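To start, the structure itself, in structure tokens.
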Amino acid sequence: MSVISLNEKNFEEEVLKSEKPVFIDFWASWCGPCRMMSPVVDELAEEMGDSVKVCKINIDEENNLAVKYNVMSIPTFIILKNGKEVNRSVGVQDKEELKNMLK
């Protein structure tokens, strides 16, 4: 499965109405740690894409969504189930830590 880019237009359909848990990576192109995490998030999508929807939100393009979820630092990773936040982590993580967030 590939990573889904979220915006205000597709957010409700892709996230709030999702049957699966949704993993969201809040990032920006100028953020070094975000760029470091990008291939890890891509691997997560490859490995867990059947059971989890993996998404990214560029905070520069979708600032309203970053504000809505109180994202103050990036990268921020948020897990939503049934439209509700169930887990959050900030900063560089290894892939196993991200997988553990989903359990």
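No experiment lies behind these values; they were computed from the predicted model shown.
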Where Pro75 and Cys34 come nearest, the two heavy atoms and their spacing: N-SG, 3.7 Å

Hphob cluster co-occupancy, Phe23 + Leu16, side-chain heavy atoms under 4.5 angstrom: no

Side-chain donor-acceptor contact under 3.5 Å, Glu61 with Asn7: no

Within one Ile-Leu-Val-Met-Phe-Trp-Tyr cluster: Met36 and Ile74, side-chain cutoff 4.5 Å: no

Minimum heavy-atom distance between Met101 and Ser89, given as atom pair plus value: SD-CB, 3.5 Å

Side-chain heavy atoms of Ser5 within contact of Cys55, under 4.5 Å: no

Criterion side-chain contact (heavy atoms from CB on, under 4.5 Å) on Ile57 and Tyr69, from CA distance to verdict: CA-CA 11 Å; Ile57 294 178; Tyr69 284 93; over 6 Å; no

Residue pair Thr76 / Trp27, side-chain heavy-atom distance below 4.5 Å: no

Shared hydrophobic cluster, Val86 / Leu6 (ILVMFWY, side-chain heavy atoms < 4.5 Å): no

Side-chain (Glu13) to main-chain (Asn10) donor-acceptor, under 3.5 angstrom: no

Check: Glu96 main-chain N/O paired with Asp94 side-chain donor or acceptor under 3.5 Å: yes

Donor-acceptor contact below 3.5 Å, side chain Lys99 vs main chain Met48: no

For the student: nearest non-hydrogen atoms of Ile4 and Glu14, plus distance: CD1-OE1, 3.6 Å

Derivation of the side-chain contact (heavy atoms from CB on, under 4.5 Å) call for Lys20 and Val52: CA-CA 6 Å; Lys20 300 179 193 176; Val52 175; 5.8 Å; no

Nearest atoms (heavy-atom pairs only) where Ile59 meets Ala28: CG1-CB, 4.0 Å

Common cluster, Met72/Trp30, ILVMFWY with side-chain heavy-atom separation under 4.5 Å: no

side-chain contact (heavy atoms from CB on, under 4.5 Å) between Ile79 and Leu102, intermediate numbers included: CA-CA 7 Å; Ile79 314 284; Leu102 289 158; 3.3 Å; yes

Chi angles and distances behind the side-chain contact (heavy atoms from CB on, under 4.5 Å) call for Phe77, Val90: CA-CA 6 Å; Phe77 307 102; Val90 178; over 6 Å; no

Heavy-atom pair of closest approach, residues Phe11 and Lys68: CE2-NZ, 4.5 Å

Side-chain heavy-atom pair Ile24, Leu80 within 4.5 angstrom cut-off: yes

Residues Lys56 and Asp42 bridged, charged N to O under 4.0 Å: yes

Note: Glu47-Lys95 ion pair, threshold 4.0 Å (strictly below): yes

Hydrophobic cluster identity match, Val41 and Ile78, side-chain contacts under 4.5 Å: no

Glu12 side, atom CD; Lys17 side, atom NZ - distance, nearest 0.5 Å: 4.5 Å

